[in-house]
Number of protein chains: 2
Amino acid sequence: MRLSELSEQSGVKTATIKYYLREGLLHPGHRVTATQAEYDESHLRRLRLVRALIQVGRLPVATAREVLSHIDDDSLGRTIRLGAALWSLPHGPDPDEEAPETAAAREAVERLLDRIGWATSQEIGSLSPAHRSLVSSVATLIRLGYPCDVDYLAEQARLMHQVAVQDLDMMETHPTESEQVEIAVASAVLYEPLLMSLRRMAQEEESARRYGL
Amino acid sequence: MRLSELSEQSGVKTATIKYYLREGLLHPGHRVTATQAEYDESHLRRLRLVRALIQVGRLPVATAREVLSHIDDDSLGRTIRLGAALWSLPHGPDPDEEAPETAAAREAVERLLDRIGWATSQEIGSLSPAHRSLVSSVATLIRLGYPCDVDYLAEQARLMHQVAVQDLDMMETHPTESEQVEIAVASAVLYEPLLMSLRRMAQEEESARRYGL
DNA sequence: CATCGTTGGAGAGTGCCACTATCCAATGAT
DNA sequence: ATCATTGGATAGTGGCACTCTCCAACGATG
């Protein structure tokens, strides 16, 4: 398949595909002559994944490249590969250590983890982007005076754990490691807006149920 | 308080505050002389909300202005106000009607809503940004060949409904309508990254539980 | 009263980023 | 032989969130 055909089938302009090639988001085609290259299904699939990461997942191009490199890297074991891929995903801003609310937020998160017994998070917690992002979010809520008590958080955490169980179950239905890492990334990036859509629809539904239309 | 004091207390540069004033994200201060204005606590609070919406919630400035205008508008009833605020929030891309996967996605979503009995979503569903965004997400997943069966979606939807119940319970703890609308917006925008942080931490926890460290 | 640093306002400018248009030499179809 | 097309490199575009510069008007100080 030529570049222009790849463009037609994917719906992505040739100029944009060239850009992705240059940025290393897409592996080069097989050079047929000095000025022509051949692309195949793997390019089409990767291109669609790139578009999904960038357009649906809103990843910056540089981040997408990093994430993809982890998916491709089969020199490491699954756990490391998975962790590397997930930790390179974008996350909220880091906690502002200057702000006084950060300390309170950190304590609240600690109490939360204690309550629900997430041992992993407590040990390596301060390193995990998700943990730092959580502290930052809680600090923001405290600063704005929104409620954010441990009971509420614990209940939501419990629900998110059930979501995670579903996620991992789904991941396990895929055989190869590469696919599992890819689906873990997809789970984090593509299913996220899906879940948030479901949450908003649920809010609309529940709101209608309580207050009428 | 002067503009420069407001800047100090909020940690936002004066130039940026001026920009927000110009863009209508912040109501003007009380003019004391021809060249000086006085700001108060309401400005500080609003400024923090603006920063949270833009930095944590990643809202474009124009969208933030629209959302804030709905929070301020007390000429409408709560339901309308709430809906207007939530519907003006950013959502994923609209479904691509050209793509063949969109039809399948729409059908899958319909089956899902049927299964879990969200009447509201079925009636006004095609209008809701959340519904359109969900169809778009499902279409993307189908196109990439990721699993997205109705059983999985139904389970996640059930969990998201429980999340929404928590959300609305929390909203009801606030007395005034303005506060309720504000907290609904905060719930959609600020608690979203919080929930996603919890999901990723839960994935890390569950992953460690299944496969070790 | 003169002076000089500070303030608020307005418009132009900056930096970043995801593309995108242009150009060029080498092909490949006719 | 001719000429549109292809892949590759480079420079440019447009949008956005600020941010810089300038200016007239204060207002505290000597």
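We name chains A, B, ... by the order of the sequence lines, and we start the count at 1 in each one. Heavy-atom basis, side chains included; hydrogens, waters and symmetry copies ignored.
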Would you mind checking if A:Arg106 and A:Glu97 are paired as a salt bridge, meaning a charged N to carboxylate O distance below 4.0 Å?
yes
Using a heavy-atom distance cut-off of less than 4.0 Å, which residues of residues 51-65 of chain A contact DNA chain D?
none
Any pair with a residue in residues 179-202 of chain A that passes ring-ring contact (aromatic ring centres under 6.0 Å, His included), sequence neighbours left out, goes on the list, sorted by first then second residue, please.
A:Tyr191-B:Tyr152
To the nearest Å, how far apart are A:Met1 CE and D:dG7 C1'?
16 Å
Measure from OH on B:Tyr20 to P on D:dC16 and round the result to the nearest Å.
15 Å
Please name all residues satisfying side-chain contact (heavy atoms from CB on, under 4.5 Å) with A:Ala99, sequence neighbours left out, ordered by chain then number.
A:Asp96, A:Glu101, A:Thr102
According to a strict under-4.0 Å criterion, is A:Thr33 in side-chain N/O contact with OP1 or OP2 of C:dA26?
no
5'-most contact on DNA chain C: A:Tyr19 or B:Arg2, nearest heavy atom basis?
B:Arg2
Among pairs that include at least one residue of residues 173-184 of chain B, which meet side chain to side chain donor-acceptor pair (under 3.5 Å), considering only residues two or more places apart or in two chains?
A:Tyr146-B:Glu182, B:Arg45-B:Glu182, B:Arg78-B:Gln180, B:Arg81-B:Glu177, B:Arg81-B:Ser178, B:Thr176-B:Glu179
Will you find, in the side chains of B:Glu206 and A:His161, an N or O donor that is under 3.5 Å from an N or O acceptor?
yes
Sequence neighbours excluded, which residues qualify as side chain to side chain donor-acceptor pair (under 3.5 Å) partners of A:Gln36?
none
In whole angstroms, the gap separating P of C:dA18 from CG of A:Leu26 amounts to 16 Å
Taking only residues two or more places apart in sequence, or in another chain, which ones meet B:Ser42 in a side chain to side chain donor-acceptor pair (under 3.5 Å)?
B:His27, B:Asp40
Please give, in whole Å, the distance from C:dG8 C1' to B:Glu38 CD?
13 Å
To the nearest angstrom, the CD-P distance between A:Glu23 and C:dC17 comes to 11 Å
Round to the nearest Å and state the distance from A:Ile17 atom CD1 to C:dA21 atom C1'.
16 Å
Are OP1 or OP2 of D:dG27 and a side-chain N or O of B:Gln36 less than 4.0 angstrom apart?
yes
If the sugar-phosphate is the primed atoms plus P, OP1 and OP2 and the base is the rest, what is the B/S/- string for nucleotides 9-16 of chain C, using protein heavy atoms under 4.0 Å?
B-BB----
Under the side chain to side chain donor-acceptor pair (under 3.5 Å) test, which residues partner B:Asp72, sequence neighbours left out?
B:Arg46
Report which part of the nucleic acid B:Thr14 touches: base, sugar-phosphate, or nothing (heavy-atom distance under 4.0 Å, all strands).
nothing
For atom CG of B:Leu47 and atom P of D:dA17, their distance in whole Å:
16 Å
According to side chain to side chain donor-acceptor pair (under 3.5 Å), who are the partners of B:Glu23, at least two apart in sequence or on a separate chain?
B:Arg65
